[in-house]
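Everything on this sheet refers to the single structure shown next.
These numbers were taken from a predicted model, which means no experiment stands behind them. Whatever order the structure lists ligands and atoms in, that order sets their numbers, starting from 1.
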Amino acid sequence: MLAVWSGRHAGHDPQHEVQFGERIPIYEVPARAEAIRAALEADGGFSLVGPRDHGTGPIEAVHDPAMLRYLEEAWRDWEALGRGGELVPHTVLHPGLREGMGPAAEPSTPAGRIGFWCFETMTPIVAGTYEAVRAAADVGLTAADAVLGGERAAYALCRPPGHHAARAVFGGYCFLNNAAIAAEHLVRETGEPVAVLDVDYHHGNGTQQIFWERGDVLYVSLHGDTRRAYPYFTGSPEETGAGRGRGATMNVPLPEGCSDDRYLDLLDRALEAVAGFPGETLVVSLGLDTLAEDPITDLALTLDVYPEIGRRVGALGRRTVVVQEGGYHLPSLGEGVVGFLRGVGGG
Ligand code: OKP
Ligand code: ZN
């Protein structure tokens, strides 16, 4: 299987996230991507290639161009103030602030701008962030191109992840929504509907928002029930899309301690929705943070289940682009990803 990868992810290397007012070591680290790459290489069944530069067009098809401009300028503007370290918001544009008063304008200072575009405190910007997030988007697009070129499946080793990034806001370790950018590219290139299946532990609020009113992109997600789990404010089963997108969003909340068997049963429901949706192309947002050992989540999946999840996804028989999202237990990441991909590929 073709696996697309870029070394430029390593420039996004913040040391901390701010959790409940405390600076703790960040979980979303460059070693994640290195562990996965090492496992792909050791396996021998993957050809690793670099990404092709797609420019800003496919990104601006999904994200507000002003947010992309902000990401490009953020670090330079911060440095121009004589600042360094890591750029994290202290004031965020909560909707209640301007309730009944219309939209806010983008502020002009770095402190104001980051709170206009970022929704939380766990997604710092550092010197290499912009280069890394552009590379991650190109990694996803290049894997999509491989499938457009006739490959049955391709893997995009994206880092940082993307599914929490919405059209005009970023956060949750995510800046650009790599899976949504790839899915939109596939819709435009094929002229056909595309399904997105999100098996990361967390609800892909960004992907859901981007395609909320789209009838030609299905979004199906299994995730830790957001009544208890991040990102808290999206992901309920009542959310099914709107307008032309009515019925083209499906959320399947998972209970705390969810086992392999229970997970596979719920997965089958999600896969039924994909099978009932038109089109031949599937994008999978793959997170390994559903694993029992994951340090930031609460399910009970074992490493043995990922080949079976992959096998059931592969049995849909769709051309499939697998985009890497989360997964924070470094010792298991490589085996989990390789197992899933081998399942998708039918071996
Ligand atoms: C990104 B992806 C952890 C709080 C949540 C942010 C999680 C972002 C996950 N105690 N931290 O969906 O894996
Ligand atoms: Zn996650």
Side-chain angles (χ1 to χ4, degrees), residues 9 12 14-33 35-36 86 88-89 92 118-125 129 132-133 136 140 156-166 169-181 196-210 219-235 251-254 256 258 263 270 283-301 306 309 322-330 332-333 336-337 340:
H9 78 86
H12 178 62
Q15 302 299 304
H16 299 99
E17 58 185 61
V18 179
Q19 219 184 87
F20 305 117
E22 209 190 344
R23 288 180 97 204
I24 61 168
I26 193 163
Y27 290 98
E28 202 293 287
V29 291
R32 296 179 55 249
I36 296 170
E86 302 176 3
V88 172
V92 168
C118 180
F119 65 82
E120 45 82 290
T121 63
M122 293 170 281
T123 314
I125 292 175
T129 298
V133 303
L157 206 183
C158 294
R159 180 186 172 268
H163 71 156
H164 297 302
V169 68
F170 66 90
Y173 305 151
C174 304
F175 297 89
L176 299 176
N177 194 319
N178 309 307
I181 292 165
V196 180
L197 172 69
D198 189 331
V199 295
D200 184 278
Y201 170 84
H202 301 95
H203 182 241
N205 59 283
T207 314
Q208 174 170 296
Q209 185 277 326
I210 286 164
Y219 179 68
V220 181
S221 174
L222 295 103
H223 48 265
D225 192 325
T226 50
R227 288 175 298 187
R228 71 171 193 282
Y230 184 93
Y232 307 113
F233 312 118
T234 61
N251 287 316
V252 182
L254 302 168
E256 189 179 343
C258 186
Y263 185 91
V283 173
V284 178
S285 272
L286 173 65
L288 276 297
D289 43 7
T290 47
L291 185 72
E293 287 79 15
D294 192 275
I296 69 171
T297 64
D298 61 5
L299 307 186
L301 268 55
Y306 295 97
I309 298 172
V322 179
V323 175
Q324 188 62 45
E325 302 284 359
Y328 307 97
H329 185 250
L330 267 70
S332 306
L333 265 183
V337 170
F340 177 87

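Ordered by chain and residue number, the residues placing a heavy atom less than 4.0 Å from ligand 1 are Q19, M122, H163, H164, G172, Y173, D200, H202, Y230, D289, G326, Y328.
Under the side-chain hydrogen bond (donor to acceptor under 3.5 Å, both in side chains) criterion, E28 pairs with R32, R159, not counting sequence neighbours. With sequence neighbours left out, the salt bridge (charged side-chain N to carboxylate O under 4.0 Å, His left out) criterion links R228 to D298. With sequence neighbours left out, Y201 forms a ring-ring contact (aromatic ring centres under 6.0 Å, His included) with no residue at all.
No other N/O/S atom of D200 lies as close to the Zn ion (ligand 2) as OD1 does.
Tested against V322 for a side-chain contact (heavy atoms from CB on, under 4.5 Å), the candidates V337, L286, L157 yield a single pass: L286. Residue V323 forms a side-chain contact (heavy atoms from CB on, under 4.5 Å) with just one option from V283, T207, V284, V196, and that option is V283.
The aromatic rings of Y328 and Y27 stand perpendicular to each other, their planes meeting at an angle above 60°, with 30° marking the opposite boundary.
Residue H202: an N/O/S atom is found under 2.8 Å from the Zn ion (ligand 2). At least one N, O or S atom of D289, from either the backbone or the side chain, sits less than 2.8 Å from the Zn ion (ligand 2).
For the residue pair N205 / H164, a side-chain donor-acceptor distance below 3.5 Å is found, with atom types taken as modelled.
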